[in-house]
Participant: 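Sharing a structure here in structure tokens format.
Naming convention: chains lettered A, B, ... in sequence-line order (proteins, then strands); numbering from 1 in each chain. As the structure is a computational prediction, the values presented were derived from the model and not from experiment.
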Protein chains: 2
Amino acid sequence: MLAKTGGEPALASSIHDLARHLNISIGTVSRALNGRADVNAETRQRVLDAARKLNYSPNQSGRSLRQGATRSIAFMLQPHPGDQQYGEPFFIPFLTGLQARLAESDLDLMVVMGEPGQYQPERLRRVVETRRADAVVLANTRRKDDRIDYLSKAGFPFATLGRSQSGGDTYPSLDIDFERAGDEAVDRLVARGHRRIAAIRPSLDLNFGYLFLDGYRKALKRHGIEVDPGLIADGFINEAGGYEVTPRVMLSKERPTAIIFNNDAMALGGCKALAEMGIRPGHDVAVIVIVDTPLCRYFSPALTAFRPSLEPMGRRLAEMLLASLPAFAGPEGTRIIREVWPLELAARESD
Amino acid sequence: MLAKTGGEPALASSIHDLARHLNISIGTVSRALNGRADVNAETRQRVLDAARKLNYSPNQSGRSLRQGATRSIAFMLQPHPGDQQYGEPFFIPFLTGLQARLAESDLDLMVVMGEPGQYQPERLRRVVETRRADAVVLANTRRKDDRIDYLSKAGFPFATLGRSQSGGDTYPSLDIDFERAGDEAVDRLVARGHRRIAAIRPSLDLNFGYLFLDGYRKALKRHGIEVDPGLIADGFINEAGGYEVTPRVMLSKERPTAIIFNNDAMALGGCKALAEMGIRPGHDVAVIVIVDTPLCRYFSPALTAFRPSLEPMGRRLAEMLLASLPAFAGPEGTRIIREVWPLELAARESD
DNA sequence: CGTTTTTCCGTAAACGTTTACGAGAACACA
DNA sequence: TGTGTTCTCGTAAACGTTTACGGAAAAACG
């Protein structure tokens, strides 16, 4: 058994303490606290005052047990594996928005760490089975995603940042329009005279890698440019991956004049490789990054990138998740919403 | 009230279901599950089998309520404020280690988001008062830290990554030896012939900024170099901060030949500023970064940096926290441990 | 065979809430 | 004054666990 939080009176006060202190029943105290109608105005005020004075706040375990709901939402943070892998700064603003919207509905956000590199539902299973959260938010969705399969089979409510082929259309999802971003990136490069455009994306089954490539291919086709498999490369989704794989496309028989990176970390690694080959991004080869981070802006040369609005997306996904929960759904009942948001181009120096 | 997780039989089974199914009392079921001695071996096996078959796992709310402990530890992730601020990739490997060690003691890690930029204990208060966690881990400790004051006054168990002047010596803490890193950075630069060495650190009250500067000053003094206030600058702890503040030291009356950055994001912004001034890191000015990230390694030129071992630190701080909790303390009772870990130099191209 | 010990299990209380139910008091209305 | 309605509150059960206690049966011992 862990340390009880009792001992210091300031924290230990329960609804019973309030009742005893006021010479009133616990039922009345609870009703007063919860704003029920059947309690005298003066009594309610006395309860509220006493609650403040005794520093009362409800024990969440007791409340959860009684209500069958924890009033907390879990976000699964899934680090990529590998040495010195610092993971996903990407998610901080998203989480900020998510948290903000949940707080408005008096819900807590808890982030659970996934096993680095393991996209299996083990950590998730723990949350679900011990009922630590009422719903889950997933990110880094894969094309075929075990976590989604698990959650839908278990009938546990969830929403995802990113689409997947798993689970059907049974859950809310919000995604960035990677397809359009890939398309527009090609458009932009072609308009600037490029015909040999390389694409570098993560090798994992991450769904956005496929979406990006779809857009890339579609745009090339529209411009009558044949897709050269030698200009498409998959690498591990970090700096090392970009570093390793970029030379491969640059040593293609006909060297590309532009590269689109599907990930900022890969772009950094890729630019490092370019530098070692004596190739200057922005001069000798154009570079566009699909998801912007501060790195892109402060790199030299500053990298042209497509930027999502992560904080609003966090808010929005929370909204969509709540709309899918029976307890929160508005008049029109439980709705499953799926949205795809465009990215905004941040034109800088590298293309 | 939120969606009950009941409905799908696979998830809803309680200890009562097991008891009914086996024609046995719930007390016996609980004892069997918890490995108590006073239960027949055959009975235990039957219970275990049934638990697996009915996919039983204990309801954490019920358990927490009864035991007065949640078996979960909260980590407070405190984002920096500001537009497009992607926060703290730094913490992912640390959290991985923390989580791993906690899991070994069957404890869950939950990350709670702090209000961006607000180092006040509001979000913490919520966790503490509703007893959602049994202890807290803090990072980004400030010199004077309201969160630490709050937790110690409340008598709530916690540990910190990073030291502080608040709260006395009453809590376990693990810190990086920023002082020594600052010292060694100067040492290294002096050995390479530098005498005018700038220091750029975060302007917030973050404690490590002070420790770093202490080491910097001490080393300069040892080498008989007078501290030039014009070579020390504080900026906001992100790329923009480094970008803004670096020109200031470079335009000092006598230009520095080396810069030590106390933060990788600030270093990135700083190098951007240098590039715009036509100053090449590694050629025209030496650059050392105190806390290494993949960015440092893949930047061009690769930035010499001091690297902490974050994952082991996470494990270690979990260990220290557990040792301070009465319920986990070993035979020697409750111990408060404070440790400071050295950094390892990753010598690269920029100095 | 009687007594003591051990083994095993059931009973019930407790953790802190919320809430259905009912009852007493006050009030309105005739 | 009698009856019905409205306010306000207390009672008690329930959520799913764990655990102190006691008792019955079995085993050990003389």
Side-chain angles (χ1 to χ4, degrees), chain A residues 1-7 11-47 51 54-71 106 129-132 134 327, chain B residues 1-7 11-47 51 54-71 106 129-132 134 327:
Chain A
M1 191 163 62
L2 278 181
K4 303 217 175 202
T5 53
L11 280 178
S13 76
S14 80
I15 215 171
H16 289 92
D17 299 324
L18 288 193
R20 202 173 322 120
H21 182 258
L22 293 171
N23 237 4
I24 232 181
S25 83
I26 60 164
T28 304
V29 174
S30 175
R31 281 189 300 262
L33 257 23
N34 290 347
R36 290 242 176 293
D38 57 346
V39 44
N40 183 285
E42 188 223 3
T43 313
R44 159 167 299 123
Q45 198 50 56
R46 284 177 53 221
V47 171
L54 299 192
N55 196 12
Y56 168 81
S57 63
N59 179 309
Q60 187 56 44
S61 298
R63 185 185 276 223
S64 298
L65 180 56
R66 166 65 212 224
Q67 315 216 104
T70 61
R71 293 207 77 83
D106 201 36
E129 293 186 348
T130 61
R131 298 154 193 85
R132 278 201 185 266
D134 298 326
Chain B
M1 189 163 64
L2 277 181
K4 302 215 174 200
T5 53
L11 279 179
S13 77
S14 81
I15 215 172
H16 289 91
D17 299 324
L18 288 192
R20 202 174 321 119
H21 182 257
L22 293 171
N23 236 3
I24 232 180
S25 83
I26 62 163
T28 304
V29 174
S30 175
R31 281 190 299 262
L33 257 22
N34 290 346
R36 291 242 176 295
D38 57 346
V39 45
N40 183 286
E42 189 223 2
T43 314
R44 160 167 299 125
Q45 197 52 56
R46 285 176 55 221
V47 172
L54 299 191
N55 196 12
Y56 168 80
S57 61
N59 179 308
Q60 187 57 44
S61 299
R63 184 184 276 223
S64 298
L65 180 56
R66 166 65 212 227
Q67 314 216 105
T70 61
R71 292 207 77 83
D106 201 36
E129 292 185 348
T130 61
R131 298 153 193 86
R132 277 199 187 266
D134 297 327

Participant: Report yes or no: does A:Arg63 contribute a side-chain atom to a donor-acceptor pair with the main-chain N or O of A:Thr70 at less than 3.5 Å?
Facilitator: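 No.
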Participant: Can you tell me the distance, in whole Å, between the CD1 atom of B:Ile26 and the P atom of C:dC9?
Facilitator: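 To the nearest whole Å, that distance equals 15 Å.
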Participant: Whole Å only: how far is the CD atom of B:Gln67 from the P atom of C:dC15?
Facilitator: 14 Å
Participant: Considering only side-chain heavy atoms of B:Asp38, which listed nucleotide, D:dT8, C:dC8, D:dT17, is closest?
Facilitator: C:dC8
Participant: With a 4.0 Å limit, can you tell me whether B:Ser30 has a side-chain N or O closer than that to the phosphate oxygens OP1/OP2 of D:dT18?
Facilitator: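 It does, given that an N or O in the side chain of B:Ser30 lies less than 4.0 Å from OP1 or OP2 of D:dT18.
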Participant: Phosphate oxygens OP1/OP2 of C:dT18: is one of them under 4.0 Å from a side-chain N or O of A:Arg63?
Facilitator: yes
Participant: Under the 3.5 angstrom rule, does the side chain of A:Arg44 hit a backbone N or O of A:Arg36 as a donor-acceptor pair?
Facilitator: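 Checked: pair present.
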Participant: Looking at A:Ser14, does any N or O in its side chain come under 4.0 Å of the phosphate oxygens OP1/OP2 on C:dC15?
Facilitator: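 Answer no for this pair, as no side-chain N or O of A:Ser14 is under 4.0 Å from OP1 or OP2.
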Participant: What integer distance in Å separates A:Glu129:CD from D:dG16:P?
Facilitator: 16 Å
Participant: Check the phosphate of C:dC8 against B:Asn40, side-chain N and O only, distance under 4.0 Å to OP1 or OP2. Yes or no?
Facilitator: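 Checking C:dC8 against B:Asn40, a side-chain N or O does come within under 4.0 Å of OP1 or OP2.
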Participant: To the nearest angstrom, how far is B:Leu33 atom CG from D:dT18 atom C1'?
Facilitator: 11 Å
Participant: Quick one: does B:Asp17's side chain have a donor or acceptor within less than 3.5 Å of a partner on B:Ser14's backbone?
Facilitator: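 Yes: the side chain of B:Asp17 pairs with the backbone of B:Ser14.
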Participant: Distance only, no hydrogens: is a donor on one side chain within 3.5 Å (strictly under) of an acceptor on the other, for A:Ser25 and A:Thr28?
Facilitator: yes
Participant: Report the distance from atom CG of A:Leu65 to atom P of C:dT17, rounded to the nearest whole Å.
Facilitator: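 Computing the A:Leu65:CG to C:dT17:P distance gives 12 Å.
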Participant: What does B:Arg36 touch in the nucleic acid at a heavy-atom separation under 4.0 angstrom: a base, only the sugar-phosphate, or nothing?
Facilitator: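 If one applies the 4.0 Å heavy-atom cut-off, B:Arg36 turns out to touch the sugar-phosphate alone, with no base involved.
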Participant: Picking from D:dT11, C:dC8, C:dG10, which would you name as closest to the side chain of A:Arg31?
Facilitator: D:dT11
Participant: Does the A:Arg131 side chain pair with the main chain of A:Glu129, one donor and one acceptor, at a distance under 3.5 Å?
Facilitator: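 Checking the backbone N and O of A:Glu129 against the side chain of A:Arg131, a donor-acceptor pair under 3.5 Å is found.
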Participant: To the nearest Å, give me how far apart CD (A:Glu42) and P (D:dT8) are.
Facilitator: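 After rounding, the gap between these two atoms is 11 Å.
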Participant: Categorize B:Ile24 for me: base, sugar-phosphate, or nothing, with a 4.0 angstrom heavy-atom threshold over every strand shown.
Facilitator: sugar-phosphate
Participant: By the 4.0 Å heavy-atom rule, please label B:Ser64 as base, sugar-phosphate, or nothing.
Facilitator: nothing
Participant: In whole angstrom, what separates A:Gln60's CD from D:dC15's C1'?
Facilitator: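 After rounding, the reported distance stands at 14 Å.
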Participant: With a 4.0 Å cutoff (strictly under), does any side-chain N or O of A:Thr28 reach OP1 or OP2 of D:dG10?
Facilitator: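 Checking A:Thr28 against D:dG10: at least one side-chain N or O falls below 4.0 Å of OP1 or OP2.
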Participant: What nucleotide among D:dC9, C:dC9, D:dT18 has an atom nearest to a side-chain atom of B:Val39?
Facilitator: C:dC9
Participant: Once you apply a heavy-atom cut-off of 4.0 Å, does A:Asn59 come out as touching a base, just sugar-phosphate, or nothing?
Facilitator: sugar-phosphate
Participant: In this structure, how many angstroms lie between the P atom of D:dG16 and the CG atom of B:Asp17, rounded?
Facilitator: 8 Å
